[in-house]
J.: 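I'd like to ask some things about the structure below.
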Protein chains: 2
Amino acid sequence: MRLTRAGEYAVRCVLYLSAKGKGTLIGRKEIAEHCDIPDKFLAKIAQQLARVKLIEISQGARGGYVLKREPRDISLLEVVEAIIGEIALNDCVTSSAVCRASGNCAVNRVWIKVRNQLRDTLAGVSFAELLTEDSCFLAPVSVPLDFRGKPKR
Amino acid sequence: MRLTRAGEYAVRCVLYLSAKGKGTLIGRKEIAEHCDIPDKFLAKIAQQLARVKLIEISQGARGGYVLKREPRDISLLEVVEAIIGEIALNDCVTSSAVCRASGNCAVNRVWIKVRNQLRDTLAGVSFAELLTEDSCFLAPVSVPLDFRGKPKR
DNA sequence: TTTATATAAGACCAATAAGGTCTCATTTGT
DNA sequence: ACAAATGAGACCTTATTGGTCTTATATAAA
(Lines give C-alpha, C1' and ligand atoms only; values in the text may rest on other atoms or scores of the structure.)
Protein backbone atom coordinates (compact mmCIF):
# COMPACT_ATOMS: atom_id res chain seq x y z
CA MET A 1 0.00 0.00 0.00
CA ARG A 2 1.01 3.55 -0.55
CA LEU A 3 -0.90 6.74 -0.05
CA THR A 4 -1.30 7.74 -3.67
CA ARG A 5 -1.74 11.30 -4.77
CA ALA A 6 -5.44 10.67 -5.17
CA GLY A 7 -5.63 9.43 -1.60
CA GLU A 8 -3.71 12.42 -0.35
CA TYR A 9 -6.08 14.75 -2.21
CA ALA A 10 -9.10 12.97 -0.79
CA VAL A 11 -7.80 13.49 2.72
CA ARG A 12 -7.22 17.17 2.04
CA CYS A 13 -10.68 17.53 0.58
CA VAL A 14 -12.46 15.87 3.49
CA LEU A 15 -10.31 17.85 5.89
CA TYR A 16 -11.37 21.06 4.22
CA LEU A 17 -15.02 20.09 4.28
CA SER A 18 -14.63 19.05 7.90
CA ALA A 19 -13.33 22.48 8.78
CA LYS A 20 -16.38 24.02 7.16
CA GLY A 21 -18.62 21.62 9.03
CA LYS A 22 -21.01 18.83 8.13
CA GLY A 23 -23.82 19.94 5.84
CA THR A 24 -22.08 22.97 4.38
CA LEU A 25 -22.12 23.17 0.61
CA ILE A 26 -18.76 24.07 -0.89
CA GLY A 27 -18.01 24.54 -4.57
CA ARG A 28 -15.52 22.23 -6.20
CA LYS A 29 -13.38 25.08 -7.40
CA GLU A 30 -13.02 26.54 -3.96
CA ILE A 31 -11.81 23.20 -2.64
CA ALA A 32 -9.51 22.60 -5.57
CA GLU A 33 -7.92 26.00 -5.23
CA HIS A 34 -7.65 25.95 -1.48
CA CYS A 35 -6.25 22.44 -1.23
CA ASP A 36 -4.09 22.63 -4.32
CA ILE A 37 -5.85 19.80 -6.15
CA PRO A 38 -6.27 19.76 -9.93
CA ASP A 39 -9.88 20.74 -10.50
CA LYS A 40 -10.91 17.89 -12.79
CA PHE A 41 -9.01 15.34 -10.78
CA LEU A 42 -10.92 16.40 -7.69
CA ALA A 43 -14.15 15.75 -9.56
CA LYS A 44 -13.10 12.17 -10.07
CA ILE A 45 -12.03 11.72 -6.48
CA ALA A 46 -15.21 13.30 -5.17
CA GLN A 47 -17.29 10.75 -7.03
CA GLN A 48 -15.58 7.99 -5.10
CA LEU A 49 -16.20 9.80 -1.84
CA ALA A 50 -19.84 10.20 -2.79
CA ARG A 51 -20.15 6.52 -3.59
CA VAL A 52 -19.31 5.63 -0.01
CA LYS A 53 -21.66 8.36 1.26
CA LEU A 54 -18.96 10.47 2.82
CA ILE A 55 -20.07 13.45 0.81
CA GLU A 56 -23.05 14.37 -1.28
CA ILE A 57 -22.72 16.08 -4.62
CA SER A 58 -25.18 18.64 -5.89
CA GLN A 59 -25.15 19.45 -9.57
CA GLY A 60 -26.10 22.54 -11.49
CA ALA A 61 -25.34 26.18 -10.91
CA ARG A 62 -24.20 26.77 -7.33
CA GLY A 63 -23.45 23.06 -7.08
CA GLY A 64 -20.69 21.51 -5.03
CA TYR A 65 -19.91 19.07 -2.27
CA VAL A 66 -21.43 18.56 1.16
CA LEU A 67 -19.93 16.54 3.99
CA LYS A 68 -22.54 14.04 5.13
CA ARG A 69 -21.08 12.94 8.44
CA GLU A 70 -19.57 14.52 11.51
CA PRO A 71 -15.78 14.89 11.28
CA ARG A 72 -15.39 13.13 14.62
CA ASP A 73 -17.02 10.03 13.11
CA ILE A 74 -14.88 9.93 10.00
CA SER A 75 -11.61 8.07 10.28
CA LEU A 76 -8.53 8.54 8.17
CA LEU A 77 -8.79 4.90 7.20
CA GLU A 78 -12.23 5.31 5.68
CA VAL A 79 -11.21 8.14 3.44
CA VAL A 80 -8.01 6.49 2.33
CA GLU A 81 -9.67 3.16 1.59
CA ALA A 82 -12.52 4.85 -0.21
CA ILE A 83 -9.94 5.90 -2.77
CA ILE A 84 -7.25 3.25 -2.89
CA GLY A 85 -9.32 0.26 -1.83
CA GLU A 86 -8.68 -1.95 1.16
CA ILE A 87 -5.12 -1.57 2.31
CA ALA A 88 -2.87 -4.50 1.53
CA LEU A 89 0.88 -4.32 1.78
CA ASN A 90 1.62 -7.16 -0.58
CA ASP A 91 -0.06 -9.44 -3.06
CA CYS A 92 0.21 -12.57 -0.94
CA VAL A 93 -2.19 -11.20 1.62
CA THR A 94 -4.96 -10.65 -0.87
CA SER A 95 -4.44 -13.37 -3.43
CA SER A 96 -2.82 -16.74 -3.10
CA ALA A 97 -2.10 -16.75 -6.81
CA VAL A 98 1.39 -15.32 -6.42
CA CYS A 99 2.67 -17.47 -3.61
CA ARG A 100 1.83 -21.14 -3.81
CA ALA A 101 2.32 -21.70 -0.11
CA SER A 102 -0.01 -18.85 0.79
CA GLY A 103 -2.52 -19.34 3.51
CA ASN A 104 -0.08 -21.20 5.68
CA CYS A 105 3.03 -19.08 5.41
CA ALA A 106 5.00 -17.49 8.22
CA VAL A 107 5.99 -14.49 6.14
CA ASN A 108 2.44 -13.93 5.10
CA ARG A 109 1.31 -13.97 8.70
CA VAL A 110 3.71 -11.15 9.50
CA TRP A 111 2.35 -9.08 6.66
CA ILE A 112 -1.19 -9.65 7.80
CA LYS A 113 -0.21 -8.52 11.27
CA VAL A 114 1.44 -5.28 10.18
CA ARG A 115 -1.43 -4.57 7.83
CA ASN A 116 -3.97 -4.92 10.62
CA GLN A 117 -1.86 -2.74 12.87
CA LEU A 118 -1.69 -0.09 10.20
CA ARG A 119 -5.41 -0.17 9.57
CA ASP A 120 -6.17 -0.01 13.27
CA THR A 121 -4.05 3.07 13.74
CA LEU A 122 -5.58 4.86 10.79
CA ALA A 123 -9.03 3.85 11.98
CA GLY A 124 -8.28 5.49 15.30
CA VAL A 125 -7.71 8.94 13.89
CA SER A 126 -10.73 11.13 13.19
CA PHE A 127 -10.86 14.23 11.07
CA ALA A 128 -11.98 16.14 14.12
CA GLU A 129 -8.67 15.27 15.72
CA LEU A 130 -6.77 16.25 12.66
CA LEU A 131 -8.45 19.62 12.70
CA THR A 132 -7.21 20.40 16.16
CA GLU A 133 -3.68 20.59 14.80
CA ASP A 134 -2.09 22.38 11.91
CA SER A 135 -2.88 20.51 8.75
CA CYS A 136 -1.98 20.37 5.10
CA PHE A 137 -3.86 23.49 4.12
CA LEU A 138 -2.36 26.15 2.01
CA ALA A 139 -4.23 28.91 3.77
CA PRO A 140 -5.62 28.99 7.30
CA VAL A 141 -9.18 27.82 7.89
CA SER A 142 -11.20 28.52 11.00
CA VAL A 143 -12.02 25.41 12.97
CA PRO A 144 -15.24 25.29 15.01
CA LEU A 145 -14.54 23.95 18.50
CA ASP A 146 -17.33 21.39 18.48
CA PHE A 147 -15.79 19.31 15.73
CA ARG A 148 -13.31 17.71 18.08
CA GLY A 149 -13.39 14.21 19.43
CA LYS A 150 -12.65 10.57 18.78
CA PRO A 151 -14.12 8.52 15.95
CA LYS A 152 -16.82 5.96 16.75
CA ARG A 153 -15.07 3.29 14.75
CA MET B 1 5.14 1.36 0.60
CA ARG B 2 4.28 -1.94 -0.89
CA LEU B 3 6.16 -5.20 -0.84
CA THR B 4 7.11 -5.39 -4.48
CA ARG B 5 7.79 -8.62 -6.28
CA ALA B 6 11.50 -7.94 -5.95
CA GLY B 7 11.11 -7.53 -2.20
CA GLU B 8 9.08 -10.71 -1.95
CA TYR B 9 11.74 -12.59 -3.91
CA ALA B 10 14.49 -11.23 -1.69
CA VAL B 11 12.70 -12.51 1.38
CA ARG B 12 12.29 -15.92 -0.19
CA CYS B 13 15.94 -16.00 -1.15
CA VAL B 14 17.22 -15.07 2.30
CA LEU B 15 14.78 -17.51 3.84
CA TYR B 16 16.14 -20.26 1.66
CA LEU B 17 19.71 -19.39 2.49
CA SER B 18 18.77 -19.20 6.16
CA ALA B 19 17.42 -22.72 6.03
CA LYS B 20 20.71 -23.90 4.57
CA GLY B 21 22.58 -22.03 7.25
CA LYS B 22 25.03 -19.14 7.39
CA GLY B 23 28.17 -19.74 5.37
CA THR B 24 26.74 -22.34 3.03
CA LEU B 25 27.36 -21.68 -0.65
CA ILE B 26 24.28 -22.17 -2.80
CA GLY B 27 24.12 -21.79 -6.57
CA ARG B 28 21.86 -19.13 -8.01
CA LYS B 29 19.98 -21.61 -10.14
CA GLU B 30 19.13 -23.80 -7.20
CA ILE B 31 17.67 -20.84 -5.36
CA ALA B 32 15.84 -19.56 -8.40
CA GLU B 33 14.27 -22.90 -9.09
CA HIS B 34 13.42 -23.70 -5.51
CA CYS B 35 11.94 -20.33 -4.66
CA ASP B 36 10.27 -19.78 -8.03
CA ILE B 37 12.22 -16.64 -8.87
CA PRO B 38 13.21 -15.75 -12.45
CA ASP B 39 16.88 -16.63 -12.65
CA LYS B 40 18.18 -13.34 -14.07
CA PHE B 41 15.95 -11.29 -11.84
CA LEU B 42 17.39 -13.05 -8.82
CA ALA B 43 20.85 -12.04 -9.97
CA LYS B 44 19.81 -8.42 -9.83
CA ILE B 45 18.21 -8.76 -6.43
CA ALA B 46 21.19 -10.65 -5.04
CA GLN B 47 23.46 -7.79 -5.94
CA GLN B 48 21.43 -5.51 -3.72
CA LEU B 49 21.58 -8.00 -0.89
CA ALA B 50 25.33 -8.24 -1.34
CA ARG B 51 25.69 -4.48 -1.26
CA VAL B 52 24.30 -4.42 2.29
CA LYS B 53 26.50 -7.38 3.24
CA LEU B 54 23.63 -9.75 3.86
CA ILE B 55 25.10 -12.22 1.43
CA GLU B 56 28.38 -12.68 -0.32
CA ILE B 57 28.60 -13.58 -3.96
CA SER B 58 31.28 -15.82 -5.37
CA GLN B 59 31.85 -15.76 -9.07
CA GLY B 60 33.22 -18.31 -11.47
CA ALA B 61 32.45 -21.97 -11.88
CA ARG B 62 30.78 -23.38 -8.75
CA GLY B 63 29.90 -19.82 -7.78
CA GLY B 64 26.81 -18.78 -5.89
CA TYR B 65 25.53 -17.01 -2.81
CA VAL B 66 26.49 -17.30 0.83
CA LEU B 67 24.55 -15.97 3.78
CA LYS B 68 26.90 -13.81 5.83
CA ARG B 69 24.94 -13.47 9.04
CA GLU B 70 22.99 -15.68 11.38
CA PRO B 71 19.29 -15.93 10.50
CA ARG B 72 18.38 -14.95 14.05
CA ASP B 73 20.17 -11.63 13.54
CA ILE B 74 18.52 -10.77 10.25
CA SER B 75 15.20 -8.97 10.44
CA LEU B 76 12.48 -8.91 7.84
CA LEU B 77 12.83 -5.13 7.76
CA GLU B 78 16.46 -5.26 6.73
CA VAL B 79 15.84 -7.50 3.78
CA VAL B 80 12.82 -5.59 2.61
CA GLU B 81 14.50 -2.21 2.89
CA ALA B 82 17.62 -3.50 1.20
CA ILE B 83 15.47 -3.92 -1.88
CA ILE B 84 12.78 -1.27 -1.82
CA GLY B 85 14.61 1.39 0.16
CA GLU B 86 13.50 2.88 3.43
CA ILE B 87 9.82 2.31 3.92
CA ALA B 88 7.67 5.39 3.45
CA LEU B 89 3.93 5.20 3.08
CA ASN B 90 3.51 8.50 1.32
CA ASP B 91 5.49 11.25 -0.31
CA CYS B 92 4.88 13.83 2.38
CA VAL B 93 6.89 11.89 4.92
CA THR B 94 9.98 11.84 2.78
CA SER B 95 9.81 15.07 0.86
CA SER B 96 8.12 18.31 1.68
CA ALA B 97 7.97 19.16 -2.00
CA VAL B 98 4.49 17.73 -2.47
CA CYS B 99 2.77 19.25 0.53
CA ARG B 100 3.58 22.86 1.27
CA ALA B 101 2.54 22.60 4.91
CA SER B 102 4.72 19.56 5.49
CA GLY B 103 6.80 19.38 8.61
CA ASN B 104 4.05 20.75 10.73
CA CYS B 105 1.02 18.84 9.55
CA ALA B 106 -1.32 16.68 11.60
CA VAL B 107 -1.95 14.27 8.78
CA ASN B 108 1.73 13.87 8.18
CA ARG B 109 2.30 13.07 11.83
CA VAL B 110 -0.15 10.20 11.60
CA TRP B 111 1.65 8.78 8.60
CA ILE B 112 4.95 9.03 10.37
CA LYS B 113 3.48 7.17 13.31
CA VAL B 114 2.08 4.29 11.29
CA ARG B 115 5.28 4.07 9.32
CA ASN B 116 7.35 3.76 12.48
CA GLN B 117 4.99 1.17 13.83
CA LEU B 118 5.26 -0.82 10.67
CA ARG B 119 9.03 -0.66 10.64
CA ASP B 120 9.23 -1.66 14.29
CA THR B 121 7.12 -4.73 13.74
CA LEU B 122 9.12 -5.84 10.73
CA ALA B 123 12.32 -5.19 12.63
CA GLY B 124 11.12 -7.52 15.36
CA VAL B 125 10.81 -10.56 13.13
CA SER B 126 13.95 -12.59 12.42
CA PHE B 127 14.46 -15.14 9.70
CA ALA B 128 15.15 -17.71 12.38
CA GLU B 129 11.62 -17.17 13.62
CA LEU B 130 10.22 -17.40 10.15
CA LEU B 131 11.94 -20.72 9.69
CA THR B 132 10.19 -22.25 12.68
CA GLU B 133 6.93 -22.07 10.79
CA ASP B 134 5.84 -23.13 7.36
CA SER B 135 7.05 -20.61 4.86
CA CYS B 136 6.72 -19.65 1.24
CA PHE B 137 8.76 -22.52 -0.09
CA LEU B 138 7.66 -24.59 -2.97
CA ALA B 139 9.31 -27.70 -1.62
CA PRO B 140 10.18 -28.59 1.97
CA VAL B 141 13.57 -27.61 3.33
CA SER B 142 15.16 -29.01 6.44
CA VAL B 143 15.60 -26.45 9.18
CA PRO B 144 18.50 -26.78 11.59
CA LEU B 145 17.31 -26.29 15.16
CA ASP B 146 19.99 -23.81 16.15
CA PHE B 147 18.80 -21.13 13.74
CA ARG B 148 15.98 -20.11 16.01
CA GLY B 149 15.74 -17.00 18.11
CA LYS B 150 15.06 -13.30 18.16
CA PRO B 151 16.88 -10.67 16.10
CA LYS B 152 19.39 -8.42 17.81
CA ARG B 153 17.93 -5.33 16.22
C1' DT C 1 -37.72 29.15 -21.00
C1' DT C 2 -33.36 30.26 -22.10
C1' DT C 3 -28.78 30.80 -20.57
C1' DA C 4 -24.91 30.40 -17.71
C1' DT C 5 -22.84 27.73 -14.34
C1' DA C 6 -21.98 23.47 -12.21
C1' DT C 7 -21.10 18.56 -11.93
C1' DA C 8 -21.43 13.28 -14.09
C1' DA C 9 -19.41 9.69 -16.33
C1' DG C 10 -16.13 7.65 -18.61
C1' DA C 11 -12.86 7.58 -22.52
C1' DC C 12 -8.47 8.93 -23.18
C1' DC C 13 -3.52 10.21 -22.70
C1' DA C 14 1.21 10.94 -20.60
C1' DA C 15 4.54 9.87 -17.13
C1' DT C 16 6.41 6.84 -13.89
C1' DA C 17 7.47 2.57 -11.80
C1' DA C 18 7.56 -2.42 -11.70
C1' DG C 19 9.00 -6.66 -13.55
C1' DG C 20 11.94 -8.84 -16.18
C1' DT C 21 15.39 -9.86 -20.13
C1' DC C 22 19.59 -9.38 -22.77
C1' DT C 23 24.33 -8.51 -23.71
C1' DC C 24 28.86 -8.28 -22.83
C1' DA C 25 32.38 -8.61 -19.43
C1' DT C 26 34.71 -10.92 -15.65
C1' DT C 27 35.86 -14.48 -12.52
C1' DT C 28 37.14 -19.12 -11.22
C1' DG C 29 37.46 -24.33 -11.11
C1' DT C 30 39.14 -28.02 -13.92
C1' DA D 1 42.50 -22.71 -22.35
C1' DC D 2 37.78 -23.65 -21.58
C1' DA D 3 33.51 -24.20 -19.45
C1' DA D 4 30.61 -22.69 -15.92
C1' DA D 5 29.19 -19.41 -13.19
C1' DT D 6 28.09 -14.38 -11.76
C1' DG D 7 28.56 -8.78 -12.47
C1' DA D 8 26.85 -4.62 -14.23
C1' DG D 9 23.95 -2.10 -16.55
C1' DA D 10 21.25 -1.08 -20.78
C1' DC D 11 17.01 -2.16 -22.41
C1' DC D 12 12.25 -3.60 -23.10
C1' DT D 13 7.32 -4.49 -21.75
C1' DT D 14 3.44 -3.92 -18.94
C1' DA D 15 0.76 -1.94 -15.15
C1' DT D 16 -0.33 1.83 -12.40
C1' DT D 17 -0.69 6.59 -11.44
C1' DG D 18 -1.93 11.10 -12.30
C1' DG D 19 -4.45 13.83 -14.89
C1' DT D 20 -7.23 15.81 -18.97
C1' DC D 21 -10.93 16.01 -22.29
C1' DT D 22 -15.46 15.42 -24.12
C1' DT D 23 -20.17 14.92 -24.07
C1' DA D 24 -24.18 14.90 -21.30
C1' DT D 25 -27.01 16.39 -17.57
C1' DA D 26 -28.72 19.14 -13.75
C1' DT D 27 -30.01 23.57 -11.58
C1' DA D 28 -30.28 28.61 -10.38
C1' DA D 29 -31.30 32.84 -12.05
C1' DA D 30 -32.47 36.22 -15.60
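Side chains included, hydrogens not; waters and symmetry mates left out as well; all remaining heavy atoms used.
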J.: Run the side chain to side chain donor-acceptor pair (under 3.5 Å) test against B:Thr4 and tell me which residues pass, sequence neighbours left out.
T.: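 By the side chain to side chain donor-acceptor pair (under 3.5 Å) rule, B:Thr4 matches no residue at all.
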J.: Check this one for me: any side-chain N or O of A:Gln47 less than 4.0 Å away from OP1 or OP2 of C:dT7?
T.: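 So the side-chain polar atoms of A:Gln47 never come under 4.0 Å of the phosphate oxygens OP1 or OP2 of C:dT7.
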J.: For the pair made of CD1 in B:Ile57 and C1' in C:dT28, what is the distance, rounded to whole Å?
T.: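 Spelled out: CD1 on B:Ile57 to C1' on C:dT28 is 15 Å.
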J.: Strictly under 4.0 angstrom, non-hydrogen atoms only: write out the protein contact profile of nucleotides 19-30 of chain D, one letter per nucleotide from the 5' end, B, S or -.
T.: BB----BBBS--
J.: Distance check needed: D:dT6 C1' versus B:Leu25 CG, whole Å only.
T.: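 Going from CG in B:Leu25 over to C1' in D:dT6 covers 11 Å.
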J.: I'd like to know if B:Glu129 pairs up with B:Arg72 as an ion pair, taking the criterion as any Lys NZ or Arg NE/NH1/NH2 lying under 4.0 Å from an Asp or Glu carboxylate oxygen.
T.: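 Looking at B:Arg72 together with B:Glu129, the answer is no, because their closest N to O distance does not fall below 4.0 Å.
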J.: Just to verify, what does B:Asp39 make a side-chain contact (heavy atoms from CB on, under 4.5 Å) with, not counting sequence neighbours?
T.: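 B:Asp39 satisfies side-chain contact (heavy atoms from CB on, under 4.5 Å) with B:Arg28, B:Lys29, B:Ala32 once adjacent residues are dropped.
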J.: Going by the rule side-chain contact (heavy atoms from CB on, under 4.5 Å), which residues pair with A:Ala10 if we only count those two or more places apart in sequence or in a different chain?
T.: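 With sequence neighbours excluded, A:Ala10 shows a side-chain contact (heavy atoms from CB on, under 4.5 Å) to A:Ile45, A:Leu49, A:Val79, A:Ile83, given in chain and number order.
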J.: Round to a whole Å and report the spacing from CD1 of A:Ile84 to P of D:dT17.
T.: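 That distance rounds to 9 Å.
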J.: Calculate the interatomic distance between B:Ile26 atom CD1 and D:dA5 atom P; express it in whole Å.
T.: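 These atoms are roughly 14 Å apart.
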J.: Check the distance between D:dT17's C1' and A:Leu3's CG and give it to me in whole angstrom.
T.: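 So the two atoms are 13 Å apart, to the nearest Å.
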J.: Rounded to whole Å, how long is the line connecting atom CG of A:Leu49 with atom P of C:dT7?
T.: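 Those two atoms, CG and P, are 14 Å apart.
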J.: Between A:Gly7 and B:Gly63, name the one whose nearest nucleotide on DNA chain D is closer to the 5' end.
T.: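 First, find each residue's nearest nucleotide; the 5'-ward one identifies B:Gly63.
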J.: Provide, to the nearest angstrom, the distance between the CD atom belonging to A:Gln48 and the P atom belonging to D:dG18.
T.: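 Taking CD of A:Gln48 and P of D:dG18, I get 12 Å after rounding.
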J.: Rounding to a whole Å, what distance do you find between B:Ile45:CD1 and D:dG7:C1'?
T.: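 Computing the B:Ile45:CD1 to D:dG7:C1' distance gives 15 Å.
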J.: Determine which pairs satisfy salt bridge (Lys or Arg N to Asp or Glu O under 4.0 Å) with at least one residue from residues 49-68 of chain A, sequence neighbours left out, and list them in order.
T.: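 Residue pairs passing salt bridge (Lys or Arg N to Asp or Glu O under 4.0 Å), neighbours aside: A:Glu56-A:Lys68.
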J.: With A:Gln117, which residues qualify under side chain to side chain donor-acceptor pair (under 3.5 Å), at least two apart?
T.: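 A:Gln117: side chain to side chain donor-acceptor pair (under 3.5 Å) contacts with B:Thr121.
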